[in-house]
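Read through the structure below, which is laid out as structure tokens, and then see the notes.
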Amino acid sequence: MTSSPTPSRVFAALRRHGLALLVPCSILAITFGGYRDNLQKEEASRLLLFQAQARVQVNHLRERAGSLLQLAEKLHTLRPESTGKRPDGLGPVLAQHPEILRVGVLRSGPGGSLITDSAEPSPSGPLPASAASLRDALPALGGKPMLSAPYALPGDGAQGRQAVLILSPLPGTRREFAFIEVGTEPLLRHGVAPDEGLSGAPRFVVDVLDTTDAPRPVFTSAAAPGSHDSTTKSLGAYAEGITLAQRHWLVIVSPGAAATGALLDSGSGRWLVGGLLLTLLAIAIQHTVQSRADAVRRQVDEKTQALAEANDALGRYIGALADANRRLASEVDEHARAESQLRETTSLQRAILDCAEYAVIYTDAKGTIRVINPAAERLFGYRADELIDKATPQILHPDEHAPRWTLEGSTIGLISLPPGAESHSAEFDMRRRDGSLFPASLSVSIVRDTLGQIRGYLGIIADITQRVDAESRIRHLAHYDNLTSLPNRSLLNRHLADVLSAARARHRRVAVLVTDLDHFKYVNDTLGHLAGDQLLLAVAQRLRTGVRDGDLVARTGGDEFVIVLADLDETYLPEEAGERLIASVARPFELAGHQLTVTMSVGIALYPHDGVDGDTLVKNADAAMYLAKERGRNQARFFDHGLSRRYSERLELEGRLRQAVEARQLALYYQPQVDTLSGELIGMEALIRWCQPDGSMVPPDKFIPIAEECGLIVPIGAWVLREACRQQQAWLQEGISRVPVGVNLSARQFDDTTLLATIQAALAESGLPPAYLDLELTESLVMGNPEHTRQVLAECKQLGLQLSVDDFGTGYSSLSYLKRFPIDRLKIDRSFIADIVTEPDDAAIAQTIIAMAHTLRLEVIAEGVETEAQLALLRRWRCDAYQGYLCSRPLPADEMTKLLRQLRATRQVALANI
Ligand SMILES: Nc1nc2c(ncn2[C@@H]2O[C@@H]3COP(=O)(O)O[C@H]4[C@@H](O)[C@H](n5cnc6c(=O)[nH]c(N)nc65)O[C@@H]4COP(=O)(O)O[C@H]3[C@H]2O)c(=O)[nH]1
């Protein structure tokens, strides 16, 4: 795979090559920089060296020339004796000064000519013309040597050799001079330091100019013109003037070819060469490294590409692997989930089994117990290990021989499985470890494996003792009286149907006796309901033992019992049975430490004479029982057909009363109560009236007892309370009444637990202050259940109500006993008042009641006052107030309103005057 040049790759390449060039370039720069510096330093030092050397050369020349001058001065000591003969000692001198061409004596010849007598080394020759001038000048020197201007040596013009002549006057002579002819070229050659370098090239080029007169060259060491140009340019030339015997020479020293030195020999040259070599080396190394790097890079690229391809392949492989992993992970997850669910299910099942209220037993296919839960252990009283591996029925079922509950086949002793069913339930007795039996509900289900084979049986067992008991209790309650356990009306009806059916078939007679205890209510009221219940139980017992075994005694409600004497022949006298039962009940009962005697009234109806069905017979016997009560109680009476009509009237009245309540046919009348002395209105009594749609009025004496019997008195009494409160509040608000209104309460109302709530609701609803409500309770009611009475009256008093005892004198209570109750006033029953004028006993009773009531600080109201004579007596006896026709009959509310308004309008307080 070829990688295309990407910006990053291009950048990388540039960077790489840039770096590669950077090193040699840097070295080159350093090299040239160093070279230049070194060169400058070298030139400076060479210049110094050159100048020092040049100075040495010049000095050397000066010294050499000076030594020649000195030699010339000493020549007189070496004065030759004869011409052409070398003086003694000149040899070594000449040997030291090869530049001396000849040494001689110059003599002035005739005509001034010069004769030379040259001894050594060269043969004599003529001296140059200048010698004469020198000779001439010599005296002026005072005997000091003199140097001539340079002159070309004769015969050597081609070669251009020059010489100078040193003249020195010989002492003691005037015309003789020693001379030394010096070749300038040898002088220079020997007068200067070695002038050749190692290479043989001259190190210095020395030019000597005689500048005494017109400058003229003395000699030059330059082999060829321009041989030292370049060096001279770089080093320059050193020039110094020297004076030799009054001649001025300018010595110019220029560097020779050897002075320049090889470039490579110099430090800068070496630096340069070294730098260049280093650069080349760096380039070579760079090149090598680069080449290797390129090779490596190529290899890396190739490898990278191969790796990329491999990576791709690996990626694909990893992708596939990841997919596989994911699938595996999801499978593992699923498996884990399933496993966790299984664990949860298992632990849940275990928990369910452990917590289950019902016993659970699992058996294998043969009915051998394999699993048992704690509830089963508790139920049967075995530990699990005692039941496991045991066969089911032998342990748990009373029937040792019954088959196991395996449900194999279709008929099994304990459980028989209907065809195709997988489970079945049955109820039967099971056995505990202690041998006791209990009713159980067993539900067995087949447990199959995945192939449908029976693996075992799951049994759920519930102890149904409570349910069975409850069912039997319900059954009992449905047919039996709860208190006496005697059959109730339902079983009575069924029994009656049975015995009547049998009697019909066998032409036999059946007697139905309805019994009712006389004044049972009084027992209840005076001794309490518990005593009443005990009495009923005892009566039931006596009735039960007073009849034959086959006869039925049922309790049909309250103190009413019904007895069915079945299968009677013509000779049997049911009235005798009635009398017998009355006699058995008449025997005294021991109740709560009291001896109590009760009587019973019995009504008898006979099948088929008085009815052919159960209902009719019971209804007619009931009517006969009422007849017995009317006839003085404590007796048995047969039904006669006249009775039926009266009984029907009573039932019909009850029905109409119910309708009257709903149809609001009831109304309240109000009878004033006035002060006996002032005639002032001190209160009024609310008296109920039943106004029938036809306008006729049913008196309360006729319907209140029926309402009490059938319970209607409770709603009727509540209505009376509401209505009286409402009306009284209306009068109060109108400002025509400031006296309380009395409301009669029946015993049934007083026993009702909602009484107080009813009173409070009536007060709250009307807004009447409690002090304007006076509750009138009969004496028998107050004395009936003293504890209950005291409690209720206390609560009424707490409410702020007025309390009166009505019909006082008809009961058996004593006044001091009454004082235990929070009572405000007594109302003397009108039966006592009626005859107080004519009957001294009644007068005495009334007078005593009034006197005693006053001693107990009770207010007394006389009821039923019809005459002035009665009122006069009452005034005399200090009776507080009276109520009766003498003052006013009970008035409808509107008439009472008129009366109250009239009283207010006339500002009269005494009703008697109206
Ligand atoms: N002969 C005669 N009778 C007089 C005279 N002055 C008043 N009366 C009557 O005497 C009865 C007085 O009421 P009670 O003793 O509470 O006797 C009341 C009371 O016990 C009961 N009653 C009346 N209204 C109610 C009521 O709303 N609730 C309850 N529970 N009983 C009531 O019915 C009884 C009879 O009530 P009423 O027929 O209204 O008869 C009233 C009244 O009309 C009179 O000078 N001569």
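Counting begins at 1 with the first residue of the sequence. We count ligands from 1, going down the list as the structure has it; atoms in each ligand are counted the same way.
- With Phe808 as reference, Leu826 is the one residue of Leu858, Leu826, Val860 to meet the side-chain contact (heavy atoms from CB on, under 4.5 Å) rule.
- With respect to the salt-bridge test (charged N to carboxylate O, under 4.0 angstrom), the residues Glu895 and Arg889 do not qualify.
- With hydrogens left out, the protein atom closest to atom 11 (C) of ligand 1 is Arg830 NH1, 3.1 Å, a heavy atom.
- For atom 18 (C) of ligand 1, the closest non-hydrogen atom of the protein is Leu687 CD2, 4.3 Å.
- Ligand 1 has a nitrogen or oxygen under 3.5 angstrom from a nitrogen or oxygen of Arg689.
- Between atom 4 (C) of ligand 1 and the options Trp719, Tyr885, Phe750, Tyr882, the minimum heavy-atom separation is to Tyr885.
- Closest approach of Leu871 to Val865, counting heavy atoms only: N-CG1, 4.1 Å.
- For ligand 1, the polar-atom distance check against Gln883 finds no nitrogen or oxygen pair separated by under 3.5 Å.
- Salt-bridge formation is detected for the pair Glu863/Lys827: a Lys NZ or Arg NE/NH1/NH2 atom is positioned less than 4.0 Å from an Asp or Glu carboxylate oxygen.
- Taking a 4.0 Å cut-off on heavy atoms, Glu685 registers as neighbouring ligand 1.
- When hydrogens are left out, the protein atom nearest atom 46 (N) of ligand 1 is Glu866 OE2, 2.5 Å; that is the closest non-hydrogen contact.
- When only non-hydrogen protein atoms are considered, atom 29 (C) of ligand 1 lies nearest to Asn744 CB, 3.5 Å.
- With ring centers used as reference points, Trp731 lies 6.0 Å or more from Tyr772.
- In terms of protein heavy atoms, atom 6 (N) of ligand 1 is closest to Gln671 NE2, 3.1 Å.
- Contacts between Val865 and ligand 1, counted as non-hydrogen atom pairs separated by less than 4.0 Å, involve the backbone only.
- Among protein heavy atoms, the minimum distance from atom 35 (C) of ligand 1 is reached at Asp701 OD1, 3.3 Å.
- Of the protein's non-hydrogen atoms, Pro700 CB, 3.5 Å is the one closest to atom 33 (O) of ligand 1.
- Using a 4.0 Å cut-off between charged nitrogen and carboxylate oxygen, Glu652 and Arg656 count as a salt-bridge pair.
- Using 4.0 Å as the threshold, Pro699 has no heavy atom nearer than that to any atom of ligand 1.
- Among all non-hydrogen protein atoms, the one lying nearest atom 24 (N) of ligand 1 is Ile688 N, 3.1 Å.
- With sequence neighbours left out, the side-chain contact (heavy atoms from CB on, under 4.5 Å) criterion links Ala747 to Lys521, Leu781.
- Between Glu776 and ligand 1, no N or O atom pair is found at a separation short of 3.5 Å.
- Of all the heavy atoms of Asp807, the ones lying under 4.0 Å from any atom of ligand 1 belong exclusively to the side chain.
- In Arg878, the CZ atom is not crowded: 12 or fewer heavy atoms of neighbouring residues, nucleotides or ligands sit closer than 6.0 Å.
- Ion pair Glu734/Arg901 flagged as a salt bridge, since at least one NZ, NE, NH1 or NH2 atom sits closer than 4.0 Å to an Asp/Glu carboxylate oxygen.
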Tell me which donor-acceptor pairs under 3.5 Å the side chains of residues 512-520 have, and how far apart each pair is, sequence neighbours excluded?
{"residue": "Thr515", "atom": "OG1", "partner": "Phe561", "partner atom": "O", "Å": "3.3"}
{"residue": "Asp516", "atom": "OD1", "partner": "Lys629", "partner atom": "NZ", "Å": "2.8"}
{"residue": "Asp518", "atom": "OD1", "partner": "Ser601", "partner atom": "OG", "Å": "2.6"}
{"residue": "Asp518", "atom": "OD1", "partner": "Lys629", "partner atom": "NZ", "Å": "2.8"}
{"residue": "Asp518", "atom": "OD2", "partner": "Thr599", "partner atom": "OG1", "Å": "2.6"}
{"residue": "Asp518", "atom": "OD2", "partner": "Met600", "partner atom": "N", "Å": "3.4"}
{"residue": "Asp518", "atom": "OD2", "partner": "Ser601", "partner atom": "OG", "Å": "3.4"}
{"residue": "Asp518", "atom": "OD2", "partner": "Asn634", "partner atom": "N", "Å": "2.9"}

